[in-house]
Protein chains: 2
Amino acid sequence: MATDTKTALLNSAERAARTRGFDGFSYADLSADVGIRKASIHHHFPTKAALSVALMERYYDDLKAVCDQIDVSHKTGGARLTALIDRYRSALEGGKSLCLCVSFSTSRESLPEEVIAQIGRFREMIIAWTETVFAAGQTDGSIAHVANPAVEAAAALPLLEGAQLAARVEENPALFDSAVQILTQRL
Amino acid sequence: MATDTKTALLNSAERAARTRGFDGFSYADLSADVGIRKASIHHHFPTKAALSVALMERYYDDLKAVCDQIDVSHKTGGARLTALIDRYRSALEGGKSLCLCVSFSTSRESLPEEVIAQIGRFREMIIAWTETVFAAGQTDGSIAHVANPAVEAAAALPLLEGAQLAARVEENPALFDSAVQILTQRL
DNA sequence: AAATGCCTACCTAGTAGTAGGACGATTTCT
DNA sequence: AGAAATCGTCCTACTACTAGGTAGGCATTT
């Protein structure tokens with residue numbers, strides 16, 4: 001089916017972008033991975049810029065769904081924060097991968113303006129959600145020492161991202177754990 | 001003089017790497033910037049990998065000197081932490097640049113193993129120094145709520161780096177400020 | 001004489017993207 | 001219903017360009 005190929009391309013591209021960066025994979029790589037000729041990829045995604053937009057769009061929707069799901073399955077602010085941290089931790093995949101947002105942030109140069117805007121919206125969405133998490137944790141007492149949920153949220157995302165970057169550069173997930181200990185020790 | 005050309009190349013390469021990433025500049029770019037032919041660059045740095053090693057080596061020494069200087073010119077832990085934050089903030093250059101360590105961390109794929117090791121040493125050095133800063137702030141009371149200097153230090157560097165990344169992707173230094181507010185509000 | 005620093009000219013490999021055709025499925029027209 | 005045209009998907013073959021790197025020569029300095 002048509003949709004399958006397109007999804008397979010997105011899956012392959014996302015994995016490649018997260019492990020090797022947006023400039024770290026080519027249409028030739030996707031071609032080999034998905035099993036369709038290089039030129040045929042252009043049928044689904046005319047340019048690499050268009051591919052990047054599609055990737056970021058899907059990623060935004062995915063993460064929004066993740067946050068919604070966490071709200072449903074975890075009741076306290078502390079449990080929700082833990083779930084978010086776990087999500088970023090598992091995205092590391094043993095120190096070989098990043099979340100797409102971090103990966104794209106590092107490839108700014110090669111991305112169209114539209115993706116930059118998408119990244120901005122993505123970050124706002126995550127930070128806004130995180131603020132509700134800290135506010136809940138403040139209210140229900142599941143996160144210690146919350147003075148200002150907005151300040152906490154504005155720091156939490158960059159911390160998670162910086163921790164991912166540090167852990168991947170040395171392929172050592174323990175660096176992620178030690179970086180986010182400042183959060184986990186309060187739970 | 002010979003040294004001048006070499007230094008000019010390093011300067012140009014560092015600026016390029018910090019603004020456009022290690023994969024974002026070529027020997028052709030350096031050639032145009034420094035005013036010597038592309039092939040001549042290979043005389044000074046046989047491979048781009050060799051250039052990356054030289055860049056990171058110089059950067060390590062630079063930052064070590066910066067930390068030493070901060071220790072001399074700033075007496076309290078709080079003042080030293082502020083100085084470090086300011087350093088990372090000014091490295092942003094209006095949201096167009098990163099510190100070399102972050103930039104290189106994002107280009108892991110393209111860098112030789114030696115540079116990865118250098119990055120590890122660099123991060124250890126900064127974190128160790130930052131721990132002394134938090135310990136001092138704890139003792140002299142200039143940083144509030146320091147429970148564990150080691151945990152604080154392990155988080156501070158990733159936070160600064162993540163904050164830089166976020167600020168650059170949208171070319172908005174205010175994002176850096178809002179991310180590090182969790183630190184500055186304690187000073 | 002030797003080394004340094006730089007040059008012109010070139011190579012190989014890889015990049016995104018294009019042109020144009022094959023082929024099967026679906027839709028449309030008679 | 002059957003023929004014809006259209007569309008979606010994929011193909012081979014190619015273009016234009018950029019990348020890092022090499023070979024070999026020519027001055028100037030030591």
Side-chain angles (χ1 to χ4, degrees), chain A residues 1-56 103-104 106-116, chain B residues 1-56 58 100 103-104 106-116:
Chain A
M1 280 171 235
T3 313
D4 277 357
T5 301
K6 199 161 190 169
T7 304
L9 285 169
L10 284 172
N11 291 344
S12 176
E14 178 172 333
R15 168 144 263 99
R18 286 178 42 198
T19 56
R20 310 197 296 274
F22 184 70
D23 300 318
F25 75 93
S26 69
Y27 271 30
D29 296 329
L30 299 184
S31 167
D33 192 27
V34 173
I36 125 177
R37 291 293 159 174
K38 207 185 62 163
S40 307
I41 304 176
H42 287 280
H43 173 72
H44 298 281
F45 302 102
T47 63
K48 211 182 172 188
L51 173 60
S52 70
V53 171
L55 279 174
M56 198 61 211
S103 172
F104 271 15
T106 69
S107 312
R108 189 182 200 291
E109 275 274 305
S110 318
L111 298 169
E113 273 306 312
E114 185 169 351
V115 170
I116 305 301
Chain B
M1 279 168 231
T3 314
D4 275 359
T5 300
K6 198 161 191 168
T7 304
L9 285 169
L10 285 172
N11 292 344
S12 176
E14 179 173 332
R15 169 144 262 98
R18 286 178 43 197
T19 55
R20 308 197 298 273
F22 184 69
D23 300 318
F25 74 94
S26 69
Y27 271 31
D29 296 329
L30 298 185
S31 166
D33 193 29
V34 173
I36 109 179
R37 292 292 158 176
K38 206 184 62 160
S40 307
I41 304 176
H42 287 280
H43 173 73
H44 298 281
F45 303 102
T47 64
K48 210 183 173 188
L51 172 60
S52 70
V53 171
L55 279 174
M56 198 62 212
R58 190 175 74 153
L100 192 66
S103 172
F104 271 15
T106 70
S107 311
R108 189 183 199 291
E109 276 274 305
S110 318
L111 298 168
E113 273 306 313
E114 185 170 349
V115 170
I116 304 302

Between the protein and nucleotides 26-29 of chain D, which nitrogen or oxygen pairs are less than 3.5 angstrom apart?
none

Nucleotide nearest A:Lys38 when distance is taken to its side chain, options D:dC14, D:dC10, D:dG21: D:dC14

Show the nearest heavy-atom pair for residues A:Leu30 and A:Ser12, with the distance to one decimal. CD2-OG, 3.4 Å

Shortest non-hydrogen separation from A:Ser52 to A:Ala49 and the atoms involved: OG-O, 2.6 Å

Quick one: which of C:dT8, C:dC6, C:dT18 gets closest to the side chain of B:Ala39? C:dT8

Could you state the NE2-P distance from B:His42 to C:dC6, rounded to the nearest angstrom? 14 Å

Show every salt bridge (charged side-chain N to carboxylate O under 4.0 Å, His left out) that has at least one partner inside residues 7-16 of chain B, sequence neighbours left out. B:Glu14-B:Arg18, B:Glu14-B:Arg58, B:Arg15-B:Glu93

Non-neighbouring partners of A:Phe104 that pass ring-ring contact (aromatic ring centres under 6.0 Å, His included), sequence neighbours left out: A:Phe22

Round to a whole Å and report the spacing from CG of A:Leu9 to C1' of D:dC10. 12 Å

Mind calculating the distance between CG (B:Asp4) and P (C:dG5) to the nearest angstrom? 11 Å

Please state whether the phosphate of C:dG5, meaning OP1 or OP2, lies under 4.0 angstrom from any side-chain nitrogen or oxygen of B:Thr5. no

Whole angstroms only, please: what is the NE2-P distance between A:His43 and D:dC11? 11 Å

Integer-rounded Å distance: D:dC11 C1' and A:His44 NE2: 12 Å

Give every residue pair that meets the salt bridge (charged side-chain N to carboxylate O under 4.0 Å, His left out) criterion with at least one member in residues 23-49 of chain A, sequence neighbours excluded. A:Arg20-A:Asp29

For B:Ala17 versus B:Ser103, what's the shortest heavy-atom pair and its separation? O-OG, 2.6 Å

State, yes or no, whether a side-chain contact exists between A:Leu111 and A:Val53 at a heavy-atom distance under 4.5 Å. no

Taking atom C1' of C:dA16 as reference, at what distance in whole Å does atom CD1 of A:Ile41 sit? 11 Å

Can you name the side chain to side chain contact (heavy atoms under 4.5 Å, CB included) partners of A:Pro46, sequence neighbours left out? A:Ala50

Looking at B:Leu55 and B:Ala13, what are the two nearest heavy atoms and their distance? CD1-CB, 3.9 Å

Provide, to the nearest angstrom, the distance between the CG atom belonging to A:Leu51 and the P atom belonging to C:dT15. 15 Å

DNA chain D contacts among residues 17-37 of chain A, heavy-atom distance under 4.0 Å: A:Ile36, A:Arg37

